[in-house]
Structure formats: structure tokens, C-alpha cells
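Comments concern the structure below.
Values below: every heavy atom of this structure, side chains too, minus hydrogens, waters and symmetry copies. Here is the naming used below: chain letters follow the sequence lines, and residue numbers restart at 1 for every chain.
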Amino acid sequence: MIKTEDLFVRFSDGSGIRYRDMRFDTGRSYALLGASGVGKSTFLNLIAGVLTPAEGRVTVDGEAVSALPQRARDLYRIRRVGYIFQDFKLLEDMTVQDNINILRLEGVDTSQMDALLDRLGLLRLKKRRVNRLSGGEKQRVAIARALIKKPAIILADEPTGNLNYETGVEVVRTLLANAGDGTLIAVTHDDRLAPMFDERADMNAVAEWVPGGEARQHA
Amino acid sequence: MLSFAFKSMATRRAKLVMTALSMVLAAGVALLAYNISTQVSEGIVNTAAKYDIIIGPSGSATQLAMNTMFFTDKPLGTIPYAVIDDLNRSGQVNAAIPFSMGDSYNAAPIVGTDPALLSDKALLKGEMFSQPLEAVVGFDVAKTYNLNPGDQIISSHGLSHDGAAHADHPLNVVGVLKRTDTAYDNAVFTPVSTIWELHDHHDEDHDEDHDEEHDEDHDEDHDEHEEHHHAEAGEICAVLVRSKSLADYAALMNWYTDNTDYLAINPNTVLREVMDNVDLSRKIVYILCAVILVMNLFVVSVIALLNMYDSRREIALMRLIGVSMGKINRLYLIQNALTGLCAVALSLLCAHLCLWGIRGFVSRMGIVLNAARVYPLEWAILLCVFALSILPTAVLTRRMARKDSLET
Ligand SMILES: Nc1ncnc2c1ncn2[C@@H]1O[C@H](COP(=O)(O)OP(=O)(O)O)[C@@H](O)[C@H]1O
Ligand SMILES: [Mg+2]
């Protein structure tokens, strides 16, 4: 179970986003909806522990991961989170398989790579360099890399953003199948895909933009 | 780990090669500057003169000392060989060795002398000269022109090798000296009588040629004659003396100074004066060398830092992907150590190849460089370069590890 409490994140320019408390149960899938720029990606970053909240905490199975020191938080993410970034975060100069094999450095078993790539329609691109792929192909490579380690928590930031509807449906099915009894939290814009998830949350009602402080108003 | 390091390096090969090459260039120049300046000053210091008096025609004391000790510059002129007979008869000397110079074999000066000049030099091959037209060649000369006992060499007139050749009187190489790392490596030694013989014949040639059409050759020969002092039969350029005692030394010095118009010098004193005179310029060279060193280490640091900032994005990316900072740190350590090691090895190689390349050029000036000589400070420079190639990124990963992974 993932819980967020009193979450507030502050950016370097002094502005920030405050979030209403949320709860994500193990074994369920969630679709996060909401306007662009409302703070969906930032929310996933907080859960993944790649961003530290200024206030409040993120707890996973009772452990306040947001309060962990960086090393332990990296380890939490490495062991338990599969994060599909909105901008993919791929090693552009490397091949598809090397982008996945890099996780072997952390002891991830990549023997299921071919099956996974096949399911995502990427098998024939396995040896191709990422910077030669289309946006939709890159997106699926990012998905394959997140799923290969069979994470307990899957965070997917607009995983179908670059895909057509049919491929999008297949990708969401793959995500749901891989989530198993873990937790899947996916940001999506597509109202047709949202019903495939167990629950939907409107982030417009969750996230509140907080403008910069005194300094800003004086300027 | 290793295979991934290689893959990662392969994707950045162009950048890595540029980085390594600029490091090689900067470090190589630093090594070269330091090595040359050290070897040159050491070379002069090491040449302790074994002779306490040198007698030559009147002129510059420095020129006489440099000419007889380092075979540089031109001889001052000639004095009669009889001076040696006088010295030997005086009973005040342990050795009085003739010294004559004026011809050359390619870039190597031919020194007319007697085997005593080489008494403290060991032969690598063959034997000492004993007859006119026999020659013992220095180590570098033998190596450069692939000379062995039994070979013949054609000397040319004058100290630059474009002088007329004594083609009809080749010298027979009978021995090769062991390497001495002094000017002796780049010289040819022959009995002083060889010089007389060559020039007797040369003058004969002159007379014979008079009526023929080789007018141009003639003129050149004449010029050479005017420019250089060639020992006629019975003439030499200088005498190297080892006196029997301090009293004999003083007596001889006084006698030659007071009663002849020859120049009698103590080479040690003269060289020390020369050293004192060049001390200022030597200091300038040292400062220059230090500036080059610091400048190039600065360049290496800048390159290393650029390399580090370049890695920053990739390190942040790998961390977000899900690789621990410990692993990333090790990955970059391997990559940078490999590049650093290549850069270090290449700069050492390049600097000493350059040294080897300019060796032949500077040996004409009496400076003998040993390309294989590596000084401790050179290792220190290389260590710096190696440290600079691995440390910045190592520090960076440590600092990044303390921040949010998104924040970089
Ligand atoms: N590092 C940052 N510095 C300043 N503002 C930021 C930063 N990251 C995000 N924001 C702002 O926070 C808001 C939410 O961003 P994001 O979470 O990416 O929105 P989205 O819901 O579209 O994923 C946006 O207005 C964005 O400009
Ligand atoms: Mg977003």
C-alpha cells in the first residue's frame, strides 16, 4: 500500500504544488487523469523517490520512503519500482537490448527479454540503436525496461502518449498483466483507456499550484 | 560490468579519442620540455673535464673549451704539433694529446687525435685506430649510418656536410665506441696524421684541378678554406694536457701565457664561467619550462573537467534508469582509468619519440639526449594526468549521490 500525506513539493523558483492525501492499495491499478501541467509527473516523481518533498511523506507498506537517505531511496527504487518516464530516459546511443541489459549491473534477470520485447512488438528492433527508433518504439522500449525487473510498483507516465489506440490498449493490457498483485499507477490522457484500470483519480482535484513566495510578489 | 564499460565507451569513442589526444598533447609537451631542459643542463654538468690545461691558438677561451670538450663551434686555428713534443720533453705532463677538427662525416665531426683521448672510453666493437686513415666512430654515428668495423666512410671537407668529399681517401672504420651519452657519441676519431694526409692530397687535387673546367667546385673549396682552419701537415688545432702536479700545472700555465702567443686555459674554469654566464638564461629556460608544465597541467585539468561535465547527464540518466551510484561510480572509474592509462602511455611514448627525433639535430650542437631517460618528475606528471582523468568524475558521482536523482 502506498500512502501520500501532506505532500508539498517546492521548486527552485519558490513555487510549488500541494497534494491532497492519496492511497493506492496493493493489487489494484489506478489511472491518474488531469490537465497538462497540473502536477501528475511531479506526483509520480515523489512516489518514485527521485524528488524529495518539502513537506509531508510518501509511505510504502508503512515505510516512509520519502524520508530515506538518498542511497536507501535509490535502492528502494531499484528493487521495487518500475518507472516509465514521460520522456523515456533511454541511453540514446545504445541498442534496445543494451538499454535493458544495463539493469544486469544491478543483478536483474533479463532472460525474459525476448518474450517481453515480442509482446510489445519490439523483437525485430532488439539490436537497433535507440536514436534510430520512432517515438512510439522508444516508448515501448521504456516500458519493456520498466517491466523486465517485475517490479512491485509500476509507475507509468503517459505510457500510451505516442501510441495509436490499438497499440495503446495492448500496452495497457501488458501493464495490467505485469502488475499482477503489485500496484500500477498510470497517468493517461485517453478517456477510452481509463476504464481499463480499477480506479481513476482526477488530479485536477488533488494537486494545488502554490505560487512563489514574497520575493516573487515584489518582483 | 567490463563489457558494459566497453559498450559505453564505444558509443562515445570520438569524444574519448579527442579527450585522450588533447591530454596526450598537453602532457607530452610538458614531459618534453622538462626532459630536454633537465638533460641539457645535466649534460653540461656531467662533462667533467679530465684535462687541466688546453693549449690552442690565441682567441676565445670559451670557443677553445667548447670546441675541444663538446666538439662544437670551430677551432680557433692551428698550432704546430711540435708543442706536444715540447710538453713531453718537459717532464711536467702525464698526457699531451693532440686535437684536430675540420672535416666531417655527414653531421659528425672528425676529430684527429691519438688513442689516448679515448683511453677512458670503451670499445663496443673492433679495435682502436693505429694507422692513418683508420677511424673509430662514436656510438650514434655507428647506429645512424649502420657502421661496423671493416666499413669505409667518405669524409667531407669542412664541418658542414655539404663540403667537397674526400672521395679518393675513404677512412676505414676499425672500431665503434660504446655509448657515452656525451658529444663523443656523435664524432669520428682518427689519428691526427689522417687529417694531414687528407689535406695534403686535397691540396694536390687543387693544384691538379687548376687547368680543368671545374671552376665552381674550385670556388667552393676556396671558400671552405678561408672559413675553416685546416691543419697542414704538422699542425693541430689544440693540445689537451694533463699535468703531473699542481706545481707543474701552474708552471705550464704561466710559461705558455708569458712566453708564447698561444692560449692556455683550464677547461674547468672556463666551463664554469660559461655556466655562470648562461645561468641567467638557464633560469629563464627553467621558468619557461615550469610555465609550460603548469599551463599544460591546467589544460589537462580543463579537459578532465569538461569530460566530467559531459558525463554528468549520462550519470544522472543511468541513476534514474535504476543503476546504483556505486555501480555507476565503478563503471566510470573503469572507463576513465582505461582512457587515462592510454593517454599516459601515449604521452610518454610521444614525448620520448620526439626526444629521439630531435636527438640527431641537437647532437650537432654537442648536446646528447638520451631518449630512453625518464625522470622521476615525469612519472609524477603522468601520475597527475592519470589522477586528473579519474578523480573529477569520481568526485562528481559522490556529490550527485547526495542529491535527488531528478535534480541533476
Ligand atoms: N523543476 C521544476 N521547476 C519549476 N517548475 C516545475 C518543475 N517541475 C515541474 N514544474 C512545474 O510544475 C507543474 C507540474 O508539472 P508536471 O508534474 O510535469 O505536470 P504534468 O501534470 O503535465 O505531468 C508545471 O507547471 C511545471 O511547469
Ligand atoms: Mg507529465
Which answer fits Ile321(B), side chain, backbone, both or neither, if we ask what part of it has an atom under 4.5 Å from a heavy atom of chain A?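 Ile321(B) touches chain A through backbone and side-chain heavy atoms alike.
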Report the C-alpha separation of Arg129(A) and Thr95(A) in whole Å, then their side-chain angles, then the decisive distance to 0.1 Å, and conclude whether the side chain to side chain donor-acceptor pair (under 3.5 Å) test is met. CA-CA 4 Å; Arg129(A) 281 223 312 271; Thr95(A) 62; over 6 Å; no
Under a 4.5 Å cutoff for heavy-atom pairs, which residue among Val81(A), Leu51(A), Asn99(A) has the most contacts with chain B?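 Highest number of heavy-atom pairs under 4.5 Å: Leu51(A).
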Heavy atoms only, distances under 4.5 angstrom: which of Arg104(A), Arg71(A), Met94(A) has the most pairs with chain B? Name it, please.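 Top count of heavy-atom pairs under 4.5 Å with chain B: Met94(A).
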Using non-hydrogen atoms only, which part of [X] is less than 4.5 Å away from chain B: side chain, backbone, both, or neither?
{"X": "Tyr83(A)", "result": "neither"}
{"X": "Asn45(A)", "result": "side chain"}
{"X": "Ile102(A)", "result": "both"}
{"X": "Leu90(A)", "result": "backbone"}

Cut-off 3.5 Å, side chains only: do Gln70(A) and Arg319(B) have a donor facing an acceptor? yes
Specify which of Thr11(B), Leu331(B), Ile328(B) makes the most heavy-atom pairs with chain A at under 4.5 Å. Thr11(B)
Under the side chain to side chain contact (heavy atoms under 4.5 Å, CB included) rule, what do Arg312(B) and Met400(B) come out as? Steps first, then yes or no, please. CA-CA 9 Å; Arg312(B) 201 189 178 95; Met400(B) 284 173 76; 4.2 Å; yes
How are the rings of Phe24(A) and Phe43(A) set to each other: parallel, tilted or perpendicular (split at 30° and 60°)?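 Phe24(A) and Phe43(A): tilted rings.
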Taking the side chain as every heavy atom from C-beta outward, state whether Phe139(B) and Lys178(B) have any pair of such atoms under 4.5 Å apart. no
Are the side chains of Leu46(A) and Thr4(A) in contact, using a 4.5 Å heavy-atom criterion?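 Sidechains of Leu46(A) and Thr4(A): no contact.
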